[in-house]
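Sequential numbering from 1 along the given sequence is applied to the chain's residues. On a predicted model such as this, the values are computed, not experimentally measured, just so you know. All values below were derived from every heavy atom in this structure, side-chain atoms included, with hydrogens, water molecules and symmetry-related copies excluded.
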Amino acid sequence: QVQLVECGGTLVQAGGSLSLSCAASGRTFSSYSMGWFRQAPGKEREFVAAIIWSGGSTYYADSVKGRFTIFRDNAKNTVYVQMNSLKPEDTAVYYCAASRFRSPVTLPGNYGYWGQGTQVTVSS
């Protein structure tokens, strides 16, 4: 069982930066691939970024590539996403999720554990 708690969401101006973190419970965090997804009002949940259990590979949606960076600290049971050059279209509730031994990590259906979400609002 893994419990995930995101934090860091807030209101930020376009062009600004924001870092989200997701703290996980449990002693097997390092064996999970971790992902960030987001959901805007009236839209489906979409993949943002993922990092495999070892941290050796990362994946990004085309819409955030070059602006967002996902990284993890297995010693702290925490995964982060650094978001730069934010745009109004990045406004959404951001969720972190944990996946064990399932791929591809870009699909929300391959994640068994989800956090409660944190709101990111980018003003123009």
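Linking Ile, Leu, Val, Met, Phe, Trp and Tyr whenever their side-chain heavy atoms come within less than 4.5 Å leaves V105 and V64 in two separate clusters. When hydrophobic clusters are built by joining Ile, Leu, Val, Met, Phe, Trp and Tyr residues whose side-chain heavy atoms come closer than 4.5 Å, directly or via intermediates, I52 is not grouped with V2. Both Y94 and L18 belong to a common hydrophobic cluster when Ile, Leu, Val, Met, Phe, Trp and Tyr are linked at side-chain heavy-atom distances under 4.5 angstrom.
With hydrogens and angles disregarded, no donor-acceptor distance shorter than 3.5 Å links the side chain of Q116 to the backbone of V5. No donor-acceptor distance shorter than 3.5 angstrom exists from the side chain of Y111 to the backbone of R102, with no hydrogens or angles considered. Under the 3.5 Å distance criterion, the side-chain polar atoms of N110 are matched with a main-chain donor or acceptor of P104.
Listed by chain and number, the residues in a side-chain hydrogen bond (donor to acceptor under 3.5 Å, both in side chains) with Q82 are N84 (sequence neighbours excluded). Remark: S103 engages no residue in a side-chain contact (heavy atoms from CB on, under 4.5 Å) (not counting sequence neighbours). For D90, the side-chain hydrogen bond (donor to acceptor under 3.5 Å, both in side chains) partners at least two apart in sequence or on another chain are R38, R67. In this structure, D73 has no side-chain hydrogen bond (donor to acceptor under 3.5 Å, both in side chains) partners at least two apart in sequence or on a different chain. For T58, the side-chain contact (heavy atoms from CB on, under 4.5 Å) test picks out I51, Y60, I70, with sequence neighbours left out. For S31, the side-chain contact (heavy atoms from CB on, under 4.5 Å) test picks out T28, R100, with sequence neighbours left out. With sequence neighbours excluded, the residues satisfying salt bridge (charged side-chain N to carboxylate O under 4.0 Å, His left out) with K65 are D62. Q39 pairs by the side-chain contact (heavy atoms from CB on, under 4.5 Å) definition with R45, Y95, not counting sequence neighbours.
Looking at F29 and K76, their side chains never come closer than 4.5 Å, going by heavy atoms from C-beta outward. Contact of the L4 side chain with the M34 side chain is registered, since non-hydrogen atoms from C-beta on lie closer than 4.5 Å. Contact annotation: the side chain of E6 never approaches that of L20 to less than 4.5 Å [non-hydrogen atoms, C-beta and beyond]. Residues F68 and L86 form a side-chain contact, since some pair of their non-hydrogen atoms from C-beta on lies under 4.5 Å apart. Side-chain atoms of Y113 and Y32, non-hydrogen and from C-beta on, do get closer than 4.5 Å to each other.
Each disulfide (SG to SG under 2.5 Å) pair with one or both residues in residues 24-68, not counting sequence neighbours, would appear here, but there are none. For residues 12-53, the disulfide (SG to SG under 2.5 Å) pairs, not counting sequence neighbours, are C22-C96.
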Return a table of donor-acceptor pairs under 3.5 angstrom between the side chains of residues 117-124 and protein atoms on other chains or two or more places apart.
unit_1	atom_1	unit_2	atom_2	d
T118	OG1	G9	N	3.0
Q119	NE2	A92	O	3.4
Q119	NE2	T121	OG1	3.3

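Counting Ile, Leu, Val, Met, Phe, Trp and Tyr side chains that sit under 4.5 Å apart, directly or through other members, F71 shares a hydrophobic cluster with Y80.
Around atom CD of Q3, no more than 12 heavy atoms belonging to other residues, nucleotides or ligands sit under 6.0 Å away.
Here the two rings, on F47 and Y59, have centers that are 6.0 Å apart or farther.
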